[in-house]
Amino acid sequence: MPVVAFYSKNSKIELMEEWEYRLKSYLPSIKLVNLLNYESENAITALLWNAPLQRVKELKNLKCLISLGQGVDHILKDNIIDKKIPIVRIVDPFMAKSMSHWVIMSVLNFIRDTFGYHDQQKTKTYEARQEINFTNVKIAIYGIGAIGNVVAKDLKQLGFKVEGWSRTFKDIDGITCHNGRDKFEFLLKSSDIHICLLPLTSETVNIFDNSSLNMMKFGSCFINAGRGEQVVEEDLIKYCKSGRIASAILDVYCKEPLPKNSKLWKQENIRIWPHVAAETNPETAAKQIAKAIKCVEKGLIPPNLIERKRGY
Ligand code: NAP
Ligand code: GLV
């Protein structure tokens, strides 16, 4: 019987039960145990989201860690975990579509000025606001991996010009793809809407800082659903105040939950979402997690391993 250590949102019992129920469809004898309980010490795999890593390190039988999300920065942070332990992440088309819906909503709210009309309603103002011609809008997507490439294709389908940026060169039908620092700057300068879907690594931390935000066109829109630490929040607020960034839609923050005293809350052209753009869905993700657990039990290499060296 596979015993799997579990930690997500403080190992809330209902959540652990939900995962166990979903995993049982593929592994009927599986048992999830709270990472913080002594029983977890026999586990050879662990399912983790924002777990206390010192506790994970204490489990000497672990042969594999599985991230309960597509990102793994929560496991790699502070370099606590033994570099030899493989790390598996979720790659779920449901999550990619869910992110795509959130991004499309954010883009359409910007170009149709949804919040301007909300404000007009308060004063009973029945007037057309200036509409942006979508055929002239160029959208840059930073990070065109499992999620970003789905978002890019869906936005393209809606009639936008879409260009992508990644670490290595990508060839995606209908999308102009770039890589390299000079092309990052080219996209910053030439695009109207910027979407960050990058993983957090030593190369992407603070990538949207004073110098890169200052390259954006006046009146740009900035959307971040990658990770908060990719943005210098003080610099973002400065450019939202100046109007260089006309609208910022954020789902992720340097510190989560976003502290009550964060200045981001008060900046009226910044929209705050509480890290929900694409949530992990046990119903759709259980099959691949069960497969990974089975592989570990049999001593095989599980799918969707991350590369420690590149950080994602
Ligand atoms: P992925 O498949 O690993 O794709 C990552 C993309 O970023 C790839 O295109 C990669 O380039 C590119 N990249 C990585 N480092 C780079 C660098 N230094 N310079 C340029 N491009 C770089 O990841 P994913 O599954 O799409 O997920 C991306 C991130 O989204 C996650 O890590 C997580 O932070 C975030 N996320 C957020 C939510 C949410 O609800 N807000 C939900 C899920 C995920 P290559 O193609 O060359 O490798
Ligand atoms: C969510 O942020 C994830 O990485 O899946």
Side-chain angles (χ1 to χ4, degrees), residues 8-9 47-51 65-77 87-103 105-106 140-154 162-172 175-188 194-209 212 223-231 249-254 256-258 271-282 284-285 288-289 303-312:
S8 179
K9 303 211 173 114
L47 296 183
L48 306 172
W49 184 254
N50 283 337
L65 305 182
I66 302 178
S67 168
L68 282 174
Q70 301 223 166
V72 289
D73 46 297
H74 63 105
I75 298 178
L76 296 180
K77 70 176 182 207
I87 300 171
V88 167
R89 73 183 190 110
I90 290 174
V91 180
D92 186 354
F94 171 90
M95 281 177 82
K97 254 316 180 213
S98 186
M99 178 66 83
S100 182
H101 293 169
W102 182 84
V103 170
M105 172 189 63
S106 302
I141 303 187
Y142 306 94
I144 41 170
I147 293 178
N149 95 86
V150 173
V151 175
K153 286 176 191 154
D154 287 353
V162 185
E163 302 199 6
W165 187 69
S166 51
R167 197 176 53 84
T168 56
F169 181 72
K170 291 277 163 301
D171 186 5
I172 304 174
I175 312 292
T176 308
C177 297
H178 306 276
N179 62 316
R181 178 74 202 186
D182 55 333
K183 294 297 185 186
F184 176 61
E185 294 186 3
F186 161 75
L187 285 173
L188 290 170
H194 305 266
I195 300 167
C196 174
L197 293 170
L198 289 162
L200 182 66
T201 68
S202 58
E203 287 181 14
T204 66
V205 67
N206 293 339
I207 190 166
F208 294 99
D209 61 0
S212 49
I223 298 172
N224 188 18
R227 283 293 181 262
E229 293 98 316
Q230 287 153 350
V231 180
I249 302 97
L250 307 177
D251 187 52
V252 286
Y253 310 91
C254 292
E256 295 183 13
L258 184 63
R271 301 283 152 187
I272 304 288
W273 289 75
H275 201 147
V276 291
E279 292 191 278
T280 301
N281 180 350
T284 54
Q288 62 184 273
I289 291 187
N304 300 325
L305 281 180
I306 63 115
E307 278 181 41
R308 282 295 279 251
K309 236 165 97 193
R310 61 178 200 183
Y312 66 101

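We count ligands from 1, going down the list as the structure has it; atoms in each ligand are counted the same way. Because only heavy atoms are used, hydrogens play no part in the values below, and waters and symmetry mates are left out as well, while side chains stay in.
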Report, in ascending order of atom number, the atoms of ligand 1 lying under 4.0 Å from any heavy atom of [X].
{"X": "Gly226", "value": "34 (O), 35 (C), 37 (C)"}
{"X": "Met99", "value": "37 (C), 38 (C), 39 (C), 41 (N), 42 (C)"}
{"X": "Leu198", "value": "7 (O), 12 (C), 13 (N), 21 (N), 22 (C), 29 (C), 34 (O)"}
{"X": "Leu197", "value": "28 (C), 29 (C)"}
{"X": "Ile144", "value": "6 (C), 9 (O)"}

Atom pair [atom1]/[atom2] of [X] and [Y] - distance to nearest 0.5 Å:
{"X": "Ile223", "Y": "Arg271", "atom1": "CD1", "atom2": "CZ", "result": "12.5 Å"}
{"X": "Leu197", "Y": "Ser100", "atom1": "CG", "atom2": "OG", "result": "9.5 Å"}
{"X": "Glu256", "Y": "Asn50", "atom1": "CD", "atom2": "CG", "result": "8.0 Å"}

> Would you say ligand 1 has an N or O under 3.5 Å from any N or O of Thr201?
Replying inline: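 No, since none of the N or O atoms of Thr201 sits under 3.5 Å from an N or O of ligand 1.
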> Should Thr204 be counted as touching ligand 1, given the test is an N or O pair under 3.5 Å?
Replying inline: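 In this structure, Thr204 places no N or O atom under 3.5 Å from an N or O of ligand 1.
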For [X], give me all partners under side chain to side chain contact (heavy atoms under 4.5 Å, CB included), at least two apart in sequence or on another chain.
{"X": "Ala285", "result": "Trp19, Ile90, Asp92, Thr280"}
{"X": "Ser8", "result": "Phe6, Leu15, Trp49, Leu68"}
{"X": "Lys77", "result": "Leu53"}

>> Which heavy atom of Ala277 sits nearest to which heavy atom of Met99, and what is that distance?
In response: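 Closest pair (atom of Ala277, atom of Met99, distance): CB-SD, 3.6 Å.
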> Relative to atom 34 (O) of ligand 1, which among Lys170, Gln230, Arg227 owns the nearest non-hydrogen atom?
Replying inline: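 Among Lys170, Gln230, Arg227, the closest heavy atom to atom 34 (O) of ligand 1 belongs to Arg227.
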>> On a heavy-atom basis, I'd like to know which of Ala225, Ser166, Ala146, Gly71 is closest to atom 36 (N) of ligand 1.
In response: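 Nearest heavy atom to atom 36 (N) of ligand 1 lies in Ala225.
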Where on [X] is there a heavy atom closer than 4.0 Å to ligand 1, on the side chain, on the backbone, on both, or on neither?
{"X": "Asp251", "answer": "side chain"}
{"X": "Arg89", "answer": "side chain"}
{"X": "Glu203", "answer": "side chain"}

Within the side chain of [X], is there an N or O that forms a donor-acceptor pair under 3.5 Å with the backbone of [Y]?
{"X": "Arg89", "Y": "Gln70", "result": "yes"}
{"X": "Ser106", "Y": "Trp102", "result": "yes"}
{"X": "Gln230", "Y": "Leu198", "result": "yes"}

> Just checking, Lys183 and Phe186: is the charged tip under 6.0 Å from the six-membered ring centre and within 45° of the axis?
Replying inline: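 Positive - Lys183 is close enough to the ring of Phe186 and near enough to its axis.
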Dump the pairs for me: ligand 2 N or O, protein N or O, distance under 3.5 Å, to 0.1 Å.
residue: ligand 2; atom: 2 (O); partner: Arg227; partner atom: NH1; Å: 2.9
residue: ligand 2; atom: 2 (O); partner: Arg227; partner atom: NH2; Å: 3.3
residue: ligand 2; atom: 2 (O); partner: His275; partner atom: NE2; Å: 2.6
residue: ligand 2; atom: 4 (O); partner: Gln70; partner atom: N; Å: 3.4
residue: ligand 2; atom: 4 (O); partner: Gly71; partner atom: N; Å: 2.8
residue: ligand 2; atom: 4 (O); partner: Arg227; partner atom: NH2; Å: 2.7
residue: ligand 2; atom: 5 (O); partner: Gln70; partner atom: N; Å: 2.7

